[in-house]
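What follows is a single structure, written as structure tokens, with notes after it.
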Amino acid sequence: MANSTGTEMKLGSFMSEKSAKIFVAGHRGLVGSAIVRKLQDQGFTNLVLKTHSELDLTSQSDVESFFATEKPVYVILAAAKVGGIHANNTYPADFIGVNLQIQTNLIHSAYTHGVKKLLFLGSSCIYPKFAPQPIPESALLTGPLEPTNEWYAIAKIAGIKMCQAYRIQHQWDAISGMPTNLYGPNDNFHPENSHVLPALMRRFHEAKANNAEEVVVWGSGSPLREFLHVDDLADACVFLMDRYSGFEHVNVGSGVEVTIKELAELVKEVVGFKGKLVWDCTKPDGTPRKLMDSSKLASLGWTPKISVKDGLCQTYEWYLENVVQKKQ
């Protein structure tokens, strides 16, 4: 397959190299842990996994010596400093600085030490605040970003551009995938810092445990959101490593929209909370709609497999086993 720079890339080799050494950066996070599970399920036997205490990805010399010693054949870059609106507003220097350090160190060392292919993962927040809906890949850099997470977004945009630059200058096979809102095992269920879906799950569970009569949710419930189970993302990552070598980044979404009201009702049902759901319309709704256009990935032959209902049931089981039981 030729990319826009004219470089020929051999497709279909990744899945045939089950013993090749693969470095999954960020393997303990929501995304990285799902990628590790998927690779192991697919029969890959030579995964290199390093905790932060074993390898500081912000240290150029540490990363350089790691690549010199380990010499991985493939790299999947799922490591990042992430957080919600409050964290982004409070620590903007960390969000731009740490993420730029991680990806610059990894991408450069991967190239200089002969890595065959690298997949860089970003986020849907790379797109302009008022991007067309559904958001196509071509919307990148066409307008101002959402101010509350622009530091993180700019770092991720730099990562996409760095992969493209190394492809142009060095004919190196570095690709980028941009996932939509994710959820699943190893999600963050922290009461203040979690995203909407795990936050709802925790609140309904605690209301049920405390025999509360109602749960109050911010806003009207009308905004539309897209959610993708992290195991579907991991499946898409393996697919892209095997089947894609293009210049442009690729959106990875479910293509399925639910209103926040529908989502809340679904979580309420999955958790088994019998009380009332009350909407506090004095609180803000946020963006009315945020959907990614994933038709490019679909045209390559990949579609998600896990429905929102099934994904929520599986995530709640994980929450009960790994969060609730550990507190008891």
Is the NZ atom of K283 crowded by more than 12 outside heavy atoms at less than 6.0 Å? yes
Residues W302 and D235: side-chain donor-acceptor under 3.5 angstrom: yes
Where Y152 and S123 come nearest, the two heavy atoms and their spacing: CE2-CB, 3.8 Å
Spacing of L30 atom CG and N188 atom CG [to the nearest 0.5 Å]: 9.5 Å
Could you tell me whether K261 atom NZ has more than 12 heavy atoms of other residues or ligands within 6.0 Å of it? no
Indicate yes or no for a side-chain donor-acceptor contact from D242 to the backbone of M15 under 3.5 Å, with no hydrogens or angles considered. yes
Correct closest heavy-atom pair for I175 and S245 would be CG2-CA, 3.9 Å
Quick one: pull up NE2 in H108 and CD in Q60 and give me the separation to the nearest 0.5 Å. 7.0 Å
If Ile, Leu, Val, Met, Phe, Trp and Tyr residues are connected whenever their side-chain heavy atoms lie under 4.5 Å apart, and connections chain through other members, are F120 and L141 in the same group? yes
Looking at Y183, is its backbone amide N or carbonyl O close enough to the side chain of D187 to form a donor-acceptor pair, meaning the two atoms are under 3.5 Å apart? no
L140 vs H249, test: side-chain contact (heavy atoms from CB on, under 4.5 Å). Steps then yes/no. CA-CA 10 Å; L140 184 67; H249 63 283; 3.7 Å; yes
Would you say L77 and I102 make side-chain contact, with heavy atoms under 4.5 Å? yes
Check whether more than 12 heavy atoms from other residues, nucleotides or ligands sit under 6.0 Å from atom NE2 of H86, and answer yes or no. no
Sidechain-backbone polar pair: N210 side chain, A212 backbone, donor-acceptor under 3.5 Å: no
If you count heavy atoms of other groups shown closer than 6.0 angstrom to OH of Y166, is the number above 12? yes
Minimum heavy-atom distance L121-M178, with the two atoms named: C-CE, 4.3 Å
Is the shortest side-chain heavy-atom distance between M201 and L312 below 4.5 Å? yes
Can you tell me how far the CG atom of D173 sits from the CZ atom of R167, to the nearest 0.5 Å? 4.5 Å
Does some side-chain heavy atom of M162 sit less than 4.5 Å from a side-chain heavy atom of L100? no
Before you tell me yes or no, could you show the steps for N181 and H195 under side-chain contact (heavy atoms from CB on, under 4.5 Å), namely the whole-Å CA-CA distance, both residues' side-chain angles and the distance that decides it to 0.1 Å? CA-CA 9 Å; N181 301 311; H195 291 115; over 6 Å; no
Between A34 and A234, which heavy-atom pair has the shortest distance, and what is it? O-CB, 3.4 Å
With a 4.5 Å cut-off on side-chain heavy atoms, are L57 and Q101 touching? no
Is there a donor-acceptor pair closer than 3.5 Å between any side-chain N or O of D285 and the backbone N or O of S220? yes
Could I get the full list of salt bridge (charged side-chain N to carboxylate O under 4.0 Å, His left out) partners for K208, not counting sequence neighbours? none
Report the C-alpha distance between I135 and S124 in whole Å, list the side-chain angles of each, state the deciding distance to 0.1 Å, and finish with yes or no for side-chain contact (heavy atoms from CB on, under 4.5 Å). CA-CA 9 Å; I135 309 170; S124 58; 5.8 Å; no
Is there a side-chain contact between L277 and F204, using heavy atoms and a 4.5 Å cut-off? yes
Rounded to the nearest 0.5 Å, what separation is found between the CD1 atom of I126 and the CG atom of N251? 7.0 Å
Can any side-chain N or O of E214 pair as donor or acceptor with the backbone N or O of K276 at less than 3.5 Å? no
Using the side chain to side chain donor-acceptor pair (under 3.5 Å) criterion, which residues pair with Y74? Sequence neighbours excluded. E17
In terms of hydrophobic clustering (I, L, V, M, F, W, Y; side-chain heavy atoms under 4.5 Å; direct or indirect links), are V267 and W279 co-clustered? yes
Does the pair F66 and N105 meet the rule for a side-chain contact (heavy atoms from CB on, under 4.5 Å), with working shown? CA-CA 11 Å; F66 163 78; N105 291 341; over 6 Å; no
Keeping to residues at least two apart or across chains, list the ring-ring contact (aromatic ring centres under 6.0 Å, His included) pairs with something in residues 205-226. H205-Y316, H205-Y319
Side chain of N99, backbone of A80: donor and acceptor closer than 3.5 Å? no
So, the side chain of D310 versus the backbone of I306: is there a donor-acceptor pair under 3.5 Å, distance only? no
For the side chain of N46 and the backbone of K18, is there at least one donor-acceptor N/O pair under 3.5 Å apart? no
Hey, which of Q133, E226, E137 is the one that makes side-chain contact (heavy atoms from CB on, under 4.5 Å) with M292? E226
Do the rings of F23 and F67 sit parallel, tilted or perpendicular, given the 30° and 60° boundaries? perpendicular
Search all heavy atoms of S222 against all heavy atoms of T259 and return the closest pair with its distance. O-CG2, 3.9 Å
Would you say E54 has more than 12 foreign heavy atoms packed within less than 6.0 Å of its CD? yes
In terms of heavy-atom contacts, T180 and S254 come closest through CG2-N, 4.3 Å
Quick one: pull up CZ in F227 and OG1 in T315 and give me the separation to the nearest 0.5 Å. 11.5 Å
Which distance, rounded to the nearest 0.5 Å, do you find between the CG of L145 and the CH2 of W151? 10.5 Å
Is T287 reaching over with its side chain to a backbone N or O of K290, donor-acceptor style, under 3.5 angstrom? no
Check the side chains of K156 and S176 for a donor-acceptor pair under 3.5 angstrom, ignoring hydrogens and angles. no
With a 4.5 Å cut-off on side-chain heavy atoms, are L263 and L197 touching? yes
F189 side chain reached by S194 side chain, heavy atoms, under 4.5 Å: no
Determine yes or no for a side-chain-to-main-chain donor-acceptor pair under 3.5 angstrom, with E70 supplying the side chain and P72 the backbone. no
